[in-house]
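Only one structure is covered here, and it is reproduced in the block below.
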Amino acid sequence: MLPLSVPFIATAVLSVLGYVVARKRALSVAGGDIRTLTSLPHQHGLNTALSTLLPPLAVMMVWAIGARIAARSDVALVPENPTMVYIILIGLAVTGFVLSLLRISTSFRARTASEGWIMGLLIFASTIAVLTTVGIVLSMVSETLNFFGQYDFRDFFFSTTWSPNFRGDSDLGIIPLIWGTLYISFIALVFAVPVGLFAAVYLSEYAGPRLRSVAKPLIEILAGIPTIVYGLFALVTVGPLLRDYFAEPMGLGQSASSVMTAGLVMGIMLIPFVSSLSDDIINAVPQAMRDGSLGLGATKSETIRKVVVPAALPGIVGAVLLAASRAIGETMIVVLGAGAAARLSLNPFEAMTTVTVKIVSQLTGDTDFGSPETLVAFALGLTLFVITLGLNVMALFIVRRYREQYE
Amino acid sequence: MTDYKISAKGVQVYYGDNHAIKDVDVQIEDKTVTAFIGPSGCGKSTFLRTLNRMNDTIDICRVEGDIRIDGEDIYDPAVDPVQLRAKVGMVFQKPNPFPKSIYDNVAYGPKIHGLARNKSDLDEIVEKSLRKAALWNEAKDRLDAPGTGLSGGQQQRLCIARAIATAPEVLLMDEPCSALDPIATAQVEELIDELRQSYSVVIVTHSMQQAARVSQKTAFFHLGNLVEYGETDKIFTNPEDPRTESYISGRIG
């Protein structure tokens, strides 16, 4: 690989220089009186700066992606010779620089030209975001295909045991992991959704402005706590508490790490998610709805139950599904709260684990990167990605489908 | 005289430090349409909202004075504003049907107040209310369709049906036609005239023609004061106060 930092820095410097020079040149063309110019000097500067910067930048991106693909497929898609690439990039930058400087005149509409470049910059930025997603998926897909070349996909999807063995002969069934993931997420949501929703209803409908201005940021602080800290809380406080007061007296086990521990703590983590989103949505319900209901002699809670919440329901469902995808992707709380033992059980006081935890444990340590025991992590990751993607799409769909119910 | 439905004496309303209604006395008769007219911000809507205590939902609002409906002080601490609002229905400026079906919109009030013993009772109330609101023929085939899918005029008649369904004695209307086109307005006005048979209707309106068309009594508000109150014909043809005359002849407001 050749470093792209050199042409990148050179282009950036030339671009800044272009702004200064073009501005000066525009002023001198105007003879000091900017009223004779169709576009202002700084617009000429912007035009030169962007036409110097953007073409090489776009080429750099295409080249970098092409080189990655070429490295895999052994096809020479792009020139490998660094000097040639440098010449192309710097040449593009200099061409843009010189051409745009030559175009400066009193009648040149740099205003319109720079608008075009700005749109180019915005497209460039969004392309990066989209391509990154595509790149992540592609890299996972290729490793996953690699995995299924070595391990039967039926065993992966339908086997109920998970016992990796680095000497070979592993059982890599995803079912216990998916079960653990869904079980813990379910408990987290059962806890977080009512609490978060009620908190949101209280804050938006009942609390006075002063209480609201204090309580809302306080709840949002919960969202700022790193998940590892939640994990510690699960490990040293919630886990032992649940074991001593619930699991042992009820004869359900002696484990401090349990689905219940991780689920509860994850639920606490999700409260601000649910409450903050629901609060915004409840506030967006028009006051006319409330007035209509109150004007008919409904009490405040009847109004909320029968009019406000139903009107806000699509948004609330969207919030819950977003929280669900957070829960499914969570790792640290599970490691510290529920342990790392893959198990298929109904008892919520037993230790279980999730897909994300197993991805971490399969990829850490001294492992051979070509073995199915390691590659399974990518298959797990892709499965998880598909599940959360499905949830997100469903959330978007629900929100869009029912958005225009009022007004 | 005791056959006044609503009788207000010395009513003052404050929004924080702002004195919005100043010492208003008014007697509203049963089975009559009473119109409140006046320029924007004169307090007519505020005064209307004191009659079913909708102002209670605004934190900074304070009401003083004596307002009686059927001789009962509605600001007495023993009075439940929720019960009061069932008795004094309200229709708002913008049609605000709930995002529910047409049927559920009308059935909302009766369900809350337990006015129906069973489903067929409820069906009957819904049909009767929609008929009274002149919406039955248009809506009977699509009672399960969302109320928000109706046209603006139909939505407003749905809101009127919804208010009638709780069997109120007084119906307050806050500029009910301001969001409607002339045809829908004519339909709602016709409806108001029919509602007069059964209810005492109080309507706030910006349109003086509307006040003249639908009401028997008119009250003119200006800057928080009740300037003049009397027979609609007299207010519009021979007002006593010069401010009323200026307003109805278009010189102020």
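In the text below, chain A, chain B and the rest are named by the order of the sequence lines, each starting its count at 1.
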Okay, A/Lys306 and chain B: the region with an atom under 4.5 Å from a heavy atom over there is both

message = Please tell me whether A/Ser258 and A/Thr261 have a donor and an acceptor in their side chains that are separated by less than 3.5 angstrom.
response = yes

- Give a yes-or-no answer on whether the side chains of B/Thr205 and B/Gln210 include a donor-acceptor pair shorter than 3.5 Å. yes

The interface call for B/Arg162 against chain A, heavy-atom contacts under 4.5 Å, is both

Any side-chain donor near an acceptor of the partner, A/Ser293 and A/Glu302, under 3.5 Å
no

Whatever's closer than 4.5 Å to a heavy atom in chain A on B/Val88 counts as backbone

Applying a strict 4.5 Å limit to non-hydrogen atoms, the region of B/Phe92 in contact with chain A is side chain

When you compare the side chains of A/Thr181 and A/Thr354, does any donor N or O come within less than 3.5 Å of an acceptor on the partner? no

